[in-house]
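Values below: every heavy atom of this structure, side chains too, minus hydrogens, waters and symmetry copies. Lettering of chains follows the sequences in order, A, B, ..., and the numbering in each one begins at 1.
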Amino acid sequence: MLRVRFAPSPTGFLHIGSARTFIFNWLYARHGGGTMILRIDDTDVERNTDASLASIFEGLRWLDLPWDEEYKQSDRLGLHRRMAEAILQKGLAYRDFVPPQAAEGEKSGAHGTWLFNAEMREMSREESDRRAAAGEPFALRFRVPRDAEPHIRFSDAVFGPQSKATADIEDFALLRSDGMPTYHLASCADDADLRISHVIRGQDHLTNTFKHVLIFDAAGVEPPRFAHLPLLVAPDGAKLSKRRHGPVVSVTTYRDAGFMPHAFVNFLCLVGWSPKDDREVMTREEIIDAFSLEGIHRHNAVVNFKEDDPFDPKAVWLNAALLRSLPVEDLAGLLLPFVRGAGIAVEPAKMAQIAPLIRERISLLRDALTVGDFFFAAELAPYGAAELIPQKGDAAMALRALECAREVLPGIEFSHDALEAALRAAAAHLGIKTGQMFQPVRVAVCGRKNAPPLFGTLEALGKETSLARVGQAIEKLKP
RNA sequence: GGCGCUAUCGUCUAACGGUUAGGACAGAGCCCUCUCAAGGCUUAAAUACGGGUUCGAUUCCCGUUAGCGCUACCA
């Protein structure tokens, strides 16, 4: 039975590297007809926050990749302690009574890797039991079998055969002196209990895996299969971090800018994994179908964001491509809450008229606010009269064009075809090029030179607004 | 410091040991066109370095360099 899990710790917002780990797990589960489990690894009571937990759920729900089962480690502490106790009873762990601060000093003096405190490791069972019974606090440490087991080996589905000398593995903690399990213990105990078949996680856990293999062995459990993912890094090569890179790496930043969940998923898939052919724009089903652990890379990948632009250009392009492929009525529905969220009152019918005009001009949903600002604003942003002057023309030509427009527009139906016919006729009547006719009108109604196609724009704006803006433009041009 | 991992265009990536080292994004140019886009075409751009093995190495091995990760009673 294929069972995978994503196990975030609620110590910050959901960042894109974590999101990718979730996505890869989800894809692997769906590809193999398995079960996707969400497990909150909240054994670090000191650093957990409710806000973080909320942010993680918010981000994951937005991805729209539903999971099948959900657990929280803090509900399962009994299980963790039972496993710790079993390992202790087998003599494969021992109590360490050295207070954390004192241990710190001892380790910093060590050359190479600190391995263990001999006094604690070799303490008699009687003394250990007596001190524990007396209530003296202790951490439980794993007794790494350096003599019996010179090497620990496992085969990683991505990185291949892995081996490490036990002489290089320290006696790591299983239980803290407050009785809480450490990540290593809790993670392994839960993976075993939840019958996780594949652990797919970040490469930062690759070297931890030797410890985990040790724990599984000590517990007498067959370890799951491991697959480690290369890390997502910043353009300077540093691991993506919440602290250093801030909200640019938060999933909610993408959501709030108007990424489509699937475009975001599509982008993240392509970073660190490849379908091995030239496909890039893929549907969810295509990705599920193509997904395999063999397609995952072994080197870190850069998310190409900048100071002034937090989004990788490819992610933006993927999103733009997805928006363009949407039926216009769907796009209008997506745009509506974005525009309204900016405090602009707009009716669905009007949004439906605007959507096809801006759809090839926006990459993110929020771009509608800038690309289509003149549709939403009652008053146009100030612009210079010079903007109204067409190519190879002058102010007089602009004025004639606008006055002609003011004359013919009131008498026609404001539909695309009627507008086009009227304005082309006007150009012919004035003896100027169509562009020289259209450009002053465009600037008059949009307030800038670069804008969506004119006739549809006039239609969406309506007769009243269009004529008012043409009138204002004429005023600008009058001496 | 110790241990581990990695290395193809600016970025994401493809290439049974034999390819003019392919694609995409971003860039440049041209076309289309009422502007801007979108679309089409064209273009520039890479195997980190040094040794092997081999008839032949981006591909296999070793070394160097660089980067990253772990080295917590964090996860």
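For the pair A:Lys239 and B:C70, the criterion of a side-chain N or O lying under 4.0 Å from OP1 or OP2 is met. An OP1 or OP2 oxygen of B:A72 is reached within less than 4.0 angstrom by no side-chain nitrogen or oxygen of A:Thr182. Between A:His205 and the phosphate of B:A75, there is no side-chain N or O to OP1/OP2 separation shorter than 4.0 Å. In this structure, A:His228 does not reach the B:G69 phosphate: none of its side-chain N or O atoms is under 4.0 Å from OP1 or OP2. For A:His297, no side-chain nitrogen or oxygen approaches OP1 or OP2 of B:A7 to under 4.0 Å.
Under the Watson-Crick and G-U wobble criteria, each requiring two contacts below 3.5 Å, nucleotide B:C41 is paired to B:G29. Applying the Watson-Crick and G-U wobble criteria (two distances, each under 3.5 Å), B:U20 pairs with nothing in any strand.
No contact: A:Phe210 has no heavy atom under 4.0 Å from any strand. At a threshold of 4.0 angstrom between heavy atoms, the contacts of A:Arg279 with the nucleic acid are absent. Among the protein residues, A:Pro137 comes within range of no part of the nucleic acid, since none of its heavy atoms lies under 4.0 Å from any strand. If you check every strand for non-hydrogen atoms under 4.0 Å, A:Thr207 touches a base. At the heavy-atom level, A:Gly202 lies nowhere under 4.0 Å from the strands shown. Looking at heavy-atom distances under 4.0 Å, A:Asn208 makes contact with a base. Using a 4.0 Å heavy-atom criterion, one finds that A:Thr11 contacts no nucleic acid atom at all. Within 4.0 Å of A:Val98, counting heavy atoms only, lies at least one base atom of the nucleic acid.
Atom-to-atom, CG of A:Leu229 to C1' of B:U6 comes out at 15 Å; the value is rounded to the nearest Å.
For an aromatic pair to be called close, the ring centres must be under 6.0 Å apart, and A:Phe291 with A:Phe24 satisfies this.
Counting only N and O atoms by type, the side chains of A:His198 and A:Asn25 include no donor and acceptor under 3.5 Å apart.
Among the nucleotides B:U35, B:G4, B:G2, the one closest to any side-chain atom of A:Gln439 is B:U35.
The only option from A:Arg361, A:Arg359, A:Arg442 that meets the side-chain contact (heavy atoms from CB on, under 4.5 Å) definition with A:Pro452 turns out to be A:Arg361.
Heavy atoms of other residues, nucleotides or ligands lying less than 6.0 angstrom from CG of A:Asp147 number 12 at most. For A:Asp50, the CG atom sits in a loose shell: 12 or fewer heavy atoms of surrounding residues, nucleotides or ligands are nearer than 6.0 Å.
Judged by distance alone with a 3.5 Å cut-off, a donor-acceptor contact links the side chain of A:Ser177 to the base of B:C73. For B:C5, the base has no donor-acceptor partner in the side chain of A:Arg298 [N/O atoms by modelled type, under 3.5 angstrom].
Atom C1' of B:G50 sits at a distance of 10 Å from the matching atom of B:U65, rounded to the whole Å. Of the P atoms belonging to B:C62 and B:G29, the separation is 48 Å, rounded to the nearest Å.
Looking only at side-chain heavy atoms (C-beta outward), A:Phe375 and A:Gln353 stay at 4.5 Å or farther from each other. In this structure, A:Arg225 and A:Phe154 have side chains that are not in contact, with every pair of non-hydrogen atoms separated by 4.5 Å or more.
Nucleotides of RNA chain B nearest to A:Gln162 and A:Lys276 differ in position, and the one nearer the 5' end is that of A:Gln162. Taking the nucleotide of RNA chain B with the nearest heavy atom to each of A:Val302 and A:Ser9, the more 5' of the two is matched to A:Val302.
Taking the ring axis of A:Tyr183 as reference, the NZ or CZ atom of A:Lys211 does not stay both within 45° of it and closer than 6.0 Å to the ring centre. By the 6.0 Å and 45° rule, A:Arg141 does not stack over the aromatic ring of A:Phe116.
Non-hydrogen atoms lying under 4.0 Å from RNA chain B are contributed by A:Lys449, A:Asn450, A:Ala451, A:Pro452, A:Pro453, A:Leu454, all within residues 446-454 of chain A.
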Start with the C-alpha distance between A:His228 and A:Thr209, add both sets of side-chain angles, then the distance that settles side-chain hydrogen bond (donor to acceptor under 3.5 Å, both in side chains), and finish with yes or no. CA-CA 10 Å; A:His228 288 88; A:Thr209 306; 3.1 Å; yes
Restricting both atoms to N or O, compile the protein contacts to nucleotides 25-33 of chain B shorter than 3.5 Å, with distance only.
unit_1: B:C25; atom_1: O2'; unit_2: A:Lys314; atom_2: N; d: 3.4

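Between the side chain of A:Asp330 and the main chain of A:Leu326, no donor-acceptor pair closer than 3.5 Å is present.
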